[in-house]
Amino acid sequence: MIELLSEPIRRYIRDKRWEELRAIQKHAIKHIMESEKNVILSSRTASGKTEAAFLPMLSKIDFNKPGVKILYISPLIALINDQFNRVEELCEYLDLPVTKWHGEAKKSAKENLLKNPDGVVLITPESIEAMLVNKEQNAIKLFSSLQFVVIDEIHSFIGTDRGMQLASLLSRLSSFHTSKFRVIGLSATIGAIAETKKLTGDAEGTTLLRDKAPKEMEVSFRYFKMEGAELPIELMKDLYLEVKDNKVLIFPNSRGRAEEVSVKLKKISDRLKGHSYYFSHHSSIDRELREYIEQFAKNNKRYPFSISCTSTLELGIDIGSVEKVVQIDAAHSISSLIQRVGRSGRREGEKSSLIFYATDQWNLLQSLACLLLFRDEFIEPVLASEKPYDILLHQMLSIIKQTNGRTPQQLKKHIKENYAFEHIQEAEMDDVIQTLVEKEQLELIGGELIVGVEGEWTVNNKDFYSVFRSDPSFKIIHHDKTIGELPLMSAFQIDENILLAARIWKILEIDYKAKKIFVIPAKDGKKPMFFGTGGEVHPKIREKMLDVLSCQQEYQELNEEAAEALRLLRLDFKCYPITEIATQRPLVAKHAETIFYSFQGTKINKSIDFLLRLQGITADYNDHESSFNFKANPAEVKAMLKKLKASTEHIDSALISMLESNPAVMEFSKWGTLLPLQYQLIILKLKIYDFTHTEIFLSTCEFVEAQDGSKD
DNA sequence: GACCTGCTGCGGACTG
């Protein structure tokens with residue numbers, strides 16, 4: 001395969017003394033060198049995907065064409081900085097310049113590139129947006145003869161607003177071109193092949209190359225029942241013994257819990273004279289501090305460490321030799337579990353090691369279901385929206401600013417040529433333009449649309465370039481040093497203690513105007529509170545949970561306490577015999593109450609909850625257990641649930657009045673709040689609810705009641 | 001019962 005590569009690249013491989021190319025690299029070289037198609041490369045983390053893409057790309061590019069040759073797009077700045085060194089080392093063999101272009105990159109480097117556009121540019125989607133909006137000329141100068149576009153961690157864009165924005169940006173970049181650039185996508189997990197291919201703009205012209213070679217994995221489950229709000233001390237002691245001599249990542253699912261874990265481990269370690277390398281890593285921790293932790297984990301070979309983190313350490317930079325991954329309570333998705341497991345045993349021949357801690361029966365069941373689906377190679381399928389009206393609105397504003405004004409016809413022509421919006425009709429574009437004019441985001445003057453009075457505020461704000469929302473927060477400061485940022489909330493009080501960056505702090509002073517909180521170290525404290533919107537669990541996970549509950553299979557990975565917890569939960573459901581996992585659901589009568597276990601995904605549960613409220617029926621809905629608790633007998637509950645199906649025709653008007661009375665409902669979509677109500681409705685029904693599958697579920701659902709009749 | 005991501009241009013003060 002090496003003979004296909006250019007001489008300088010072969011020299012690079014010789015100098016690196018690689019004995020052999022990896023499987024994904026061989027395939028990538030063949031496909032990139034010998035065809036003109038787009039390519040998606042999928043193989044597990046640390047399998048050399050970056051080289052798999054760059055070795056053949058750099059062999060194939062035409063050096064005689066002017067401008068930047070390869071545009072590498074990454075979802076994270078940290079990843080750009082990490083990849084820069086690898087790509088630069090490779091490009092030195094070709095005398096090809098490599099430039100970082102993101103918000104924190106040096107301005108001088110960007111100016112150099114503009115003077116002499118060439119080589120490889122590493123960029124974020126938001127920086128592309130900013131360049132198009134503010135300096136279209138720069139974008140033309142740099143990017144009008146691109147030969148390759150690389151999208152790293154491509155799965156993180158699929159099915160998201162940011163992915164739609166990226167598709168639109170690629171389409172806008174390609175309009176500067178006379179010839180086509182090829183797209184190369186890189187990922188460790190591909191759950192939605194068709195959607196991933198679509199992101200390139202040419203699904204048919206895209207080949208997926210996948211190396212599925214599995215990694216050996218050791219798994220164990222532990223069970224420690226949590227009473228109250230804090231993790232059980234027994235769990236912490238067990239966890240301490242597990243982590244004290246190893247390099248470990250701990251995923252406890254929330255920032256508050258991450259702080260609780262690192263503070264408590266540190267305390268135990270202090271008492272037992274263990275090491276002190278216990279850290280927390282999440283978005284509220286100051287960037288410099290996070291980088292220090294990443295560098296420590298990456299460069300240190302000798303010392304054990306434990307980093308208690310959120311999804312900040314799921315993607316991106318290689319933090320080196322992690323020996324164990326600990327998951328406390330169920331991960332919210334399989335794809336996230338895959339990324340987390342992939343963080344350990346990254347060296348060739350090393351095993352991955354994964355320990356699950358569950359703090360209640362339902363979390364145990366969900367974790368087990370996730371592991372089984374993971375082994376079945378199931379990944380949540382993600383569907384990109386065919387009608388991303390909110391992203392359309394944002395891109396319309398962006399195009400008008402970029403072009404200094406366009407007639408409505410010209411604007412619509414841009415949109416029609418943009419593959420991100422291929423399913424949106426002209427009449428729908430007219431509606432969005434009209435609402436932008438009504439809200440003075442745009443203004444129609446002399447037949448031309450320009451940025452309106454309100455629009456000036458929108459497009460000239462630095463928050464314009466992203467499609468995701470960011471909330472205001474307070475800086476936490478100790479001795480002029482920023483430790484991190486916490487979301488704005490009234491609960492902050494002087495003398496109160498908070499946990500942040502694996503330490504306890506006492507609040508000295510709050511400066512509301514400057515949004516700063518001054519702190520000093522303290523001895524004891526509580527978790528910081530964070531606000532979230534609630535996780536979304538896929539229906540397949542819930543179905544698997546019901547499957548595990550209904551069968552008699554025993555699992556080697558469960559320790560004694562975990563096995564006992566599962567046995568007891570199975571016992572609770574023993575008299576509700578389920579044989580059809582797809583349709584049968586338990587209806588549990590208890591005293592004067594009846595509990596309906598839907599074993600459905602979060603969207604369907606939310607839809608059922610909404611329909612119940614619409615009927616004026618009160619039921620206590622708990623997504624964690626996927627249950628609805630009614631103050632009624634089973635016969636009444638059955639009748640109520642069957643009747644729900646009939647109420648679906650009133651959904652739209654009910655949702656519209658909800659949007660009218662409470663516009664905050666739409667805040668999950670940054671640009672959606674500017675849309676006309678009927679379009680807000682469509683986005684709401686797609687992103688938060690799923691009435692279509694709810695209706696199917698309710699009409700096929702068979703309620704299973706207690707068989708022995710002994711349950712009252 | 002959630003998590004994460006990104007950022008221009010300009011004026012003015014300051015540093016070497």
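Just so you know, these numbers use all the heavy atoms, side chains as well, and skip hydrogens, waters and symmetry mates. Letters A, B, ... mirror the listed sequences (proteins, then strands); counts begin at 1.
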Asker: To the nearest Å, give me how far apart CD (A:Glu259) and C1' (B:dC3) are.
Answerer: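 Spelled out: CD on A:Glu259 to C1' on B:dC3 is 15 Å.
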
Asker: Rounding to a whole Å, what distance do you find between A:Arg255:CZ and B:dT5:C1'?
Answerer: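 Atom-to-atom, A:Arg255 to B:dT5, this comes out as 13 Å.
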
Asker: Give the nucleotide from the list B:dT5, B:dG1, B:dG6 with an atom nearest to the side chain of A:Ile77.
Answerer: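 Selected nucleotide (nearest to the side chain): B:dG6.
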
Asker: Does A:Arg340 use its side chain to pair, donor to acceptor, with the backbone of A:Val326 at less than 3.5 Å?
Answerer: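 Side chain of A:Arg340 to backbone of A:Val326, a donor-acceptor pair under 3.5 Å: no, none is there.
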
Asker: Indicate whether OP1 or OP2 belonging to B:dC4 is found under 4.0 Å from a side-chain N or O atom of A:Ser283.
Answerer: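 For B:dC4, OP1 or OP2 has a side-chain N or O of A:Ser283 closer than 4.0 Å.
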
Asker: Any idea how A:Phe464 and A:Trp671 line up, ring-wise: parallel (<30°), tilted (30 to 60°), or perpendicular (>60°)?
Answerer: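 Perpendicular.
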
Asker: Where each residue is assigned the nucleotide of DNA chain B containing its nearest heavy atom, which of A:Asn253 and A:Phe464 is assigned the position nearer the 5′ end?
Answerer: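 Its nucleotide being nearer the 5' end, the pick is A:Asn253.
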
Asker: Does a salt bridge link A:Glu230 with A:Lys264, judged by any charged N lying under 4.0 Å from a carboxylate O?
Answerer: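 Between A:Lys264 and A:Glu230 there is a salt bridge, with a charged N closer than 4.0 Å to a carboxylate O.
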
Asker: So, OP1 or OP2 of B:dG6: does either fall under 4.0 Å of a side-chain N or O from A:Thr124?
Answerer: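 Looking at the OP1 and OP2 atoms of B:dG6, neither is under 4.0 Å from any side-chain N or O of A:Thr124.
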
Asker: Taking the basic N atoms (NZ, or NE/NH1/NH2) and the acidic carboxylate oxygens, is any pair closer than 4.0 Å for A:Asp609 and A:Arg613?
Answerer: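 A salt bridge links A:Asp609 with A:Arg613.
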
Asker: Would you mind reading off the distance between A:Leu132 atom CG and B:dT8 atom C1', rounded to a whole angstrom?
Answerer: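 Taking CG of A:Leu132 and C1' of B:dT8, I get 13 Å after rounding.
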
Asker: With distance as the sole criterion, do the side chain of A:Asp463 and the base of B:dG6 form a donor-acceptor contact below 3.5 Å?
Answerer: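 Yes, a donor-acceptor pair under 3.5 Å.
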
Asker: Answer with yes or no whether A:His332 presents, from its side chain, a donor or acceptor under 3.5 Å of a partner atom in the base of B:dG1.
Answerer: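 Such a pair exists between side chain and base.
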
Asker: Please report the distance, rounded to the nearest Å, between CD in A:Glu104 and C1' in B:dT5.
Answerer: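 Rounding to the nearest Å, CD of A:Glu104 and C1' of B:dT5 are 12 Å apart.
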
Asker: So which one's nearest nucleotide on DNA chain B is more toward 5', A:Asn460 or A:Gln366?
Answerer: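 Nearest nucleotide further toward 5': that of A:Gln366.
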
Asker: Angle class for the A:Phe610/A:Tyr689 ring planes (parallel below 30°, perpendicular above 60°, tilted otherwise)?
Answerer: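 Rings of A:Phe610 and A:Tyr689: tilted, as their planes differ by 30° to 60°.
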
Asker: Atom CG of A:Asp360 and atom P of B:dG1: how far apart are they, to the nearest Å?
Answerer: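 In whole Å, B:dG1 P lies 10 Å from A:Asp360 CG.
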
Asker: Nearest-Å distance, CD1 (A:Ile80) to P (B:dT5)?
Answerer: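 Rounded to whole Å, this separation is 14 Å.
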
Asker: Among B:dC3, B:dT8, B:dT5, find the nucleotide with the atom closest to the side chain of A:Ser311.
Answerer: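 The nucleotide sitting nearest to the side chain is B:dC3.
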
